[in-house]
Chemist: 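For reference, the structure I am asking about is given below.
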Amino acid sequence: MRATVRDVAALAGVSPKTVSNVINGGVVVRPETRARVERALAELDYVPNLSARGLRNGRSGAIALTLPEMASAYSAELAQWFVELARERGWTVQLDQTANDPARERDLVSRVRAHLVDGLILNPVSLSASVLASAEGLPPTVVIGEVEPEHVDQVHVDSRTAAEQVTAYLVSRGHRRIAIVGAARESAATATSVLRERGYLAGLEGAGIPADGTLRVPLPSWTTSAAASAFAEWLDEHPLPDAVFAFTDSIAFGVLHVLAARGVRVPDQVSVIGFDDVDGAAYAIPALSTVSFDRRAFATAALDLLTRRIEDRDAPPETVVIPHRIVERASVASR
């Protein structure tokens, strides 16, 4: 017999209403209570009745895609590929965002079970991906982005290597004072910011250039507006760098805006390079040099791994690294 909310409540030693609050979200539940309820849900293999009525062959026909944010061009393009390619496989996609908040990420992951999805594709906030420390109670899961746990399926671009190559490329063009915009913040370092900064530092070291902490520009969020505001404030206190390595194209658009507003010529006075090669990068003024990778191949690889994991929960974890390349356009010049 299928477990009920009352069964879960009895096992967890809480009221049925508390179980409902954990399942449905929207109400604050003490962490230790939530943990007990989640363990009971997993142990009893609880399935919400309403959703279960629509199941055929034990499948819902839906998967969840959780990203740090939805506002950027990169996230929109990536989500579009996931939705289209999942549709070809007969899946609908439930979209959500964590806003780069680890607590929100934990809450979303804990509620995936209640949504009764066949699988989860997660872009984690932190490099440690502590939210995945235990797969207990989770549906089949694939991580997009680089994380340290090796017990989960992963698809990613090698951010560290790509950033090292970008730095070496700028150095080869005669640039030595290379600013990074999107640097990791101590209070909220994301996996991508950490790895791209590590690659940047490795590139400097390989070129024999000492790292200069004054060339780091952390951001509160990776949006064009946040980049423009932070970079403008940074420029008020620092001389022009030789080049700017923006950790995303959206960040690079903010940098280009500030430089243009101040009459700084790109690339004559400052070179700028981004990361992601979103659709608008080729149409920036000047056209933005950037790191490119195949978004369709990225989404396909993740969906392939998810399909495999759904069919075989005990299969060994697999990691797929999507190739990348530097696209040279008009925003980088030689010195």
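Because only heavy atoms are used, hydrogens play no part in the values below, and waters and symmetry mates are left out as well, while side chains stay in. Note that the structure is a prediction, hence the values are computed from the model and not measured.
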Chemist: Go through the structure and list residues passing side-chain hydrogen bond (donor to acceptor under 3.5 Å, both in side chains) with R87, not counting sequence neighbours.
Modeler: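 Here no residue qualifies.
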Chemist: Can you run down the salt bridge (Lys or Arg N to Asp or Glu O under 4.0 Å) pairs that involve residues 216-231, sequence neighbours left out, and say none if there aren't any?
Modeler: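 Sorted pair list: E197-R216.
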Chemist: Name all residues meeting the ring-ring contact (aromatic ring centres under 6.0 Å, His included) criterion together with F245; count only those two or more places apart in sequence or in a different chain, and write none if there are none.
Modeler: F247
Chemist: Taking T167 for its side chain and A163 for its backbone only, find out whether a donor-acceptor pair lies under 3.5 Å.
Modeler: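 A pair under 3.5 Å: yes.
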Chemist: Any donor and acceptor pair, going by atom type alone, linking the side chain of S75 with main-chain N or O of S72 inside 3.5 Å?
Modeler: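 Not confirmed, S75 side chain does not pair with S72 backbone.
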Chemist: Are Y46 and V19 close enough that some pair of their side-chain heavy atoms sits under 4.5 Å apart?
Modeler: no
Chemist: Who are the ring-ring contact (aromatic ring centres under 6.0 Å, His included) partners of W234, not counting sequence neighbours?
Modeler: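 Partners of W234 by the ring-ring contact (aromatic ring centres under 6.0 Å, His included) criterion, ordered by chain and then number, come out as F231, H238.
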Chemist: Flag yes if more than 12 heavy atoms outside Q80 fall under 6.0 Å of its CD atom; otherwise flag no.
Modeler: no
Chemist: Measure from the side-chain N and O atoms of D249 to the backbone N and O of D277, and report whether any donor-acceptor pair falls under 3.5 Å.
Modeler: yes
Chemist: Enumerate donor-acceptor pairs with a distance under 3.5 Å from any side-chain N or O in residues 173-184 to protein atoms, sequence neighbours excluded.
Modeler:
unit_1: R173; atom_1: NH1; unit_2: S334; atom_2: OG; d: 3.4
unit_1: R173; atom_1: NH2; unit_2: E328; atom_2: OE1; d: 2.9
unit_1: H175; atom_1: NE2; unit_2: S271; atom_2: OG; d: 3.1
unit_1: H175; atom_1: NE2; unit_2: A333; atom_2: O; d: 2.8
unit_1: R177; atom_1: NH1; unit_2: L240; atom_2: O; d: 2.8

Chemist: May I have the step-by-step check of side-chain contact (heavy atoms from CB on, under 4.5 Å) for I63 and F82, ending in yes or no?
Modeler: CA-CA 10 Å; I63 62 173; F82 271 109; 5.7 Å; no
Chemist: Name all residues meeting the side-chain contact (heavy atoms from CB on, under 4.5 Å) criterion together with A301; count only those two or more places apart in sequence or in a different chain, and write none if there are none.
Modeler: V155, V320, I322
Chemist: Can you name the residues that form a salt bridge (charged side-chain N to carboxylate O under 4.0 Å, His left out) with R89, not counting sequence neighbours?
Modeler: D304
Chemist: Walk me through whether I121 and T66 qualify under side-chain contact (heavy atoms from CB on, under 4.5 Å).
Modeler: CA-CA 6 Å; I121 296 175; T66 300; over 6 Å; no
Chemist: Would you confirm whether S331, through its side chain, and V272, through its main-chain N or O, come within 3.5 Å as a donor-acceptor pair?
Modeler: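 Yes; at least one donor-acceptor contact below 3.5 Å.
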Chemist: Among all residues two or more places apart in sequence or in another chain, which pass the salt bridge (charged side-chain N to carboxylate O under 4.0 Å, His left out) test with D236?
Modeler: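 Salt bridge (charged side-chain N to carboxylate O under 4.0 Å, His left out) check on D236 returns R262.
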Chemist: Will you find, in the side chains of R196 and S159, an N or O donor that is under 3.5 Å from an N or O acceptor?
Modeler: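 A pair is found: one side chain offers a donor N or O, the other an acceptor, under 3.5 Å apart.
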Chemist: Donor-acceptor pair, Q97 side chain versus A99 backbone, under 3.5 Å?
Modeler: no
Chemist: Between the side chains of E43 and R39, is the shortest nitrogen-to-carboxylate-oxygen separation below 4.0 Å, so that they form an ion pair?
Modeler: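 Not counted as a salt bridge, because no side-chain N and carboxylate O are separated by less than 4.0 Å.
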Chemist: side-chain contact (heavy atoms from CB on, under 4.5 Å) with T248: which of D276, T290, V291, L219?
Modeler: D276
Chemist: Would the distance check show the side chain of T300 and the main-chain N or O of R296 forming a donor-acceptor pair, the cut-off being under 3.5 Å?
Modeler: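 Side chain of T300 to backbone of R296: a pair is present.
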Chemist: Identify, with sequence neighbours excluded, every residue that meets side-chain hydrogen bond (donor to acceptor under 3.5 Å, both in side chains) alongside T161.
Modeler: D158
Chemist: Is a donor on one side and an acceptor on the other found under 3.5 Å between the side chain of R335 and the backbone of Q269?
Modeler: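 Yes; at least one donor-acceptor contact below 3.5 Å.
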Chemist: Taking only residues two or more places apart in sequence or in another chain, which ones pass side-chain hydrogen bond (donor to acceptor under 3.5 Å, both in side chains) with D242?
Modeler: none
Chemist: Would you call E318-R308 a salt bridge at under 4.0 Å N-O?
Modeler: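 Salt bridge: yes.
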Chemist: Can you run down the ring pair (Phe, Tyr, Trp, His ring centres under 6.0 Å) pairs that involve residues 294-335, sequence neighbours left out, and say none if there aren't any?
Modeler: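 Counting only pairs at least two positions apart or across chains, the ring pair (Phe, Tyr, Trp, His ring centres under 6.0 Å) contacts touching residues 294-335 are F293-F298.
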Chemist: Main chain of L288, side chain of R329: is a donor-acceptor contact present, judged purely on distance under 3.5 Å?
Modeler: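 Yes: the side chain of R329 pairs with the backbone of L288.
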Chemist: Output yes when a side-chain donor or acceptor of R36 lies under 3.5 Å from a complementary backbone atom of A12, and no otherwise.
Modeler: yes
Chemist: I'd like to know whether L256 forms a side-chain contact (heavy atoms from CB on, under 4.5 Å) with I285, so could you lay out the CA-CA distance, the side-chain angles of the two residues, the decisive distance to 0.1 Å, and finally the verdict.
Modeler: CA-CA 8 Å; L256 289 174; I285 300 176; over 6 Å; no
Chemist: According to the ring pair (Phe, Tyr, Trp, His ring centres under 6.0 Å) rule, which pairs have a member within residues 249-277, sequence neighbours left out?
Modeler: none
Chemist: For H156, does its backbone N or O pair with a side-chain atom of E146 as donor and acceptor, under 3.5 Å?
Modeler: no
Chemist: Where do N21 and T18 land on the side-chain hydrogen bond (donor to acceptor under 3.5 Å, both in side chains) test, with the steps shown first?
Modeler: CA-CA 5 Å; N21 289 340; T18 298; 5.1 Å; no
Chemist: Using 0.5 Å steps for rounding, measure from the CG atom of L306 to the CG atom of L120.
Modeler: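 Here the rounded value is 8.0 Å.
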Chemist: Has E237 got more than 12 heavy atoms of other residues, nucleotides or ligands less than 6.0 Å from its CD?
Modeler: no
